[in-house]
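What you see is a predicted model, and the numbers here were worked out from it, not measured in a lab.
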Amino acid sequence: IAQLQQQQQQDELQQEEDRIVHLFQETSPSVVFIKDLEIDKRLKTSPEEVMLSDDNTTKIEGTGSGFIWDKFGHIVYLVDAKGNGFYREGKIVGYDPAYDLAVLKVDVEGYELKPVVLGTSRDLHVGQSCFAIGNPYGYENTLTTGVVSGLGREIPSPNGSAIRGAIQTDAAINAGNSGGPLIDSYGHVIGVNTATFTRKGTGVSSGVNFAIPIDTVVRTVPYLIVYGTPYSNRT
Amino acid sequence: IAQLQQQQQQDELQQEEDRIVHLFQETSPSVVFIKDLEIDKRLKTSPEEVMLSDDNTTKIEGTGSGFIWDKFGHIVYLVDAKGNGFYREGKIVGYDPAYDLAVLKVDVEGYELKPVVLGTSRDLHVGQSCFAIGNPYGYENTLTTGVVSGLGREIPSPNGSAIRGAIQTDAAINAGNSGGPLIDSYGHVIGVNTATFTRKGTGVSSGVNFAIPIDTVVRTVPYLIVYGTPYSNRT
Amino acid sequence: IAQLQQQQQQDELQQEEDRIVHLFQETSPSVVFIKDLEIDKRLKTSPEEVMLSDDNTTKIEGTGSGFIWDKFGHIVYLVDAKGNGFYREGKIVGYDPAYDLAVLKVDVEGYELKPVVLGTSRDLHVGQSCFAIGNPYGYENTLTTGVVSGLGREIPSPNGSAIRGAIQTDAAINAGNSGGPLIDSYGHVIGVNTATFTRKGTGVSSGVNFAIPIDTVVRTVPYLIVYGTPYSNRT
Ligand SMILES: [Ca+2]
Ligand SMILES: [Ca+2]
Ligand SMILES: [Ca+2]
Ligand SMILES: [Ca+2]
Ligand SMILES: [Ca+2]
């Protein structure tokens, strides 16, 4: 009977693992690889006007992650404190310097895009499980796991101001999964992983990682898509 | 039926997360923020005599964590290898240089203090879950999670000797939650988190963190409260 | 009834922890401590000919881990990019420079060795639990936990080529548990932990750790035992 009980426990543990495996498989098709971005410092406010200009551009070092916002080809990602970006097969439609957050529009012809499932960052609790997905090498996704370590954190913003309400987690966030989604155990996106703080930190900050709360992202992205700039810059 | 099964698994996973959320909520009121400590290098042995002296003091860089020992206002914390500390609204009553552990006495008038629930570090097993709580930014607590990675470790002590019987964990311990409690999955304190080793370490020691076993702390704190010094220094 | 439910949840969580504790206790006797290795750069191909030569040897800095391959005393470990090794109470029988993997033969007279249970790295899924065991201080084992973060990674090899199919994990891997086994939640070995990448990395790569897939190890070890060299060098 002890063996039967052990088997039952094994089954439960297996089911739990299967759920996390499934969670990853469901969400990872919505996570995209951002690579070789050309930076155009003279971003215009209208999405249609945004074009790559050969002069006044620089390469983004390294790579990052983004995620599919909608079926129309909008992709949200972090520019990574280095200016605005232009995607090879897409164009940048908006940029919010307060979060270094950009929206890219890619051609969806022939592609069936799978947008992420948006959650809310309002009802989070310290201690709940969370999962960071990113795309550090392009061809495959990466999963790291942990809990929500803290809420309402204030982290430095790329434009010198502060990002408020950040989610702290002990799930590993690094250059590879920065810009990718932080999801809860239902697969809902609760934040956008940011490695800005981690990179500036010394070894001491190991296990102290942050994500921009999704509610903040949800507020700004529609403005970025329509106007190219956040609400505060719209006029 | 697969969907029903999936729902049951989801419920179980949810219950498990709820338990960790609850664990945090129960323990975090007992964790305090230690900030702007004035160091008095000439600590006297009698608790009542301990006073801040304006000369011969230095500021502690950064901040740390401590936890409520009893309803009488005794707070246990780590001085962090920088000498003895004085709390703004309390006074230091004892200091054990072997562990860099100090006891602070704060005025409890008007406050209902919630002491931690003490466990034992004697019956631990490698592989059991553990949770580190700290107070890196003062206004809110932080939770990191992991397992007991090893037992009976010897780590360098601030006074040049060694701390024996240390608990090794892969739960992240950093400057922020140093001095805070390491708890088991019943919410019982099994150790005091120490970032001393982590800070000295290079990137290599990532995921290798330590806590002073609570049994050691339980032995020394009563002496610190009554005599101001550990047993070995009492005569 | 809420209390009863809470008790049931507690029991389940306890059972889960017990399983991980048990997992560690079952596997750790198969993990060995590698220390003070003498390096012989003139390794011969025949196992019987391998001897310590006093000249042309150097000490390996630090220590590492290995695991028991079979009851005949064969131990698999990582030489750690520093050449070939000679164990104090054993002799090196083979070395694969592509993985820095060596096989040691120790005298089993009077010892009852407990080999690891080999799994396969073919059926792994991102998100499944994994456990790294190592022997950083010799007298006791260390356990770190996480999930499979990625599959099919390519990591730099000690001999300048690349190790393909590496397993990425957020379980902490460091100098201490390098060479030890990465096991799944059934206790089966799915990889050999390698800290090579981690050590070269900056703080950024925290939470990004790798293991050599066990299928690769299973292919090369028999050749190392019989011929002293990997298949590709056999002729
Ligand atoms: Ca599905
Ligand atoms: Ca579980
Ligand atoms: Ca309660
Ligand atoms: Ca057993
Ligand atoms: Ca972890």
For residues C:T142 and B:R153, determine if any side-chain heavy atom of one lies less than 4.5 Å from a side-chain heavy atom of the other. yes
If you take all heavy atoms of C:V21 and B:G127, which pair is closest and at what distance? CG2-C, 3.8 Å
Hey, is the main chain of C:A171 close enough, under 3.5 Å, to the side chain of B:D170 for a donor-acceptor pair? no
Shortest non-hydrogen separation from C:Q14 to B:S185 and the atoms involved: OE1-OG, 4.5 Å
What do you reckon, is CZ of B:F72 surrounded by more than 12 foreign heavy atoms closer than 6.0 Å? no
Could you go through the side chain to side chain contact (heavy atoms under 4.5 Å, CB included) check for C:L143 and B:H125 one step at a time? CA-CA 11 Å; C:L143 175 77; B:H125 295 283; over 6 Å; no
For the residue pair B:G207 and C:A172, what are the closest heavy atoms and their distance? CA-CB, 3.6 Å
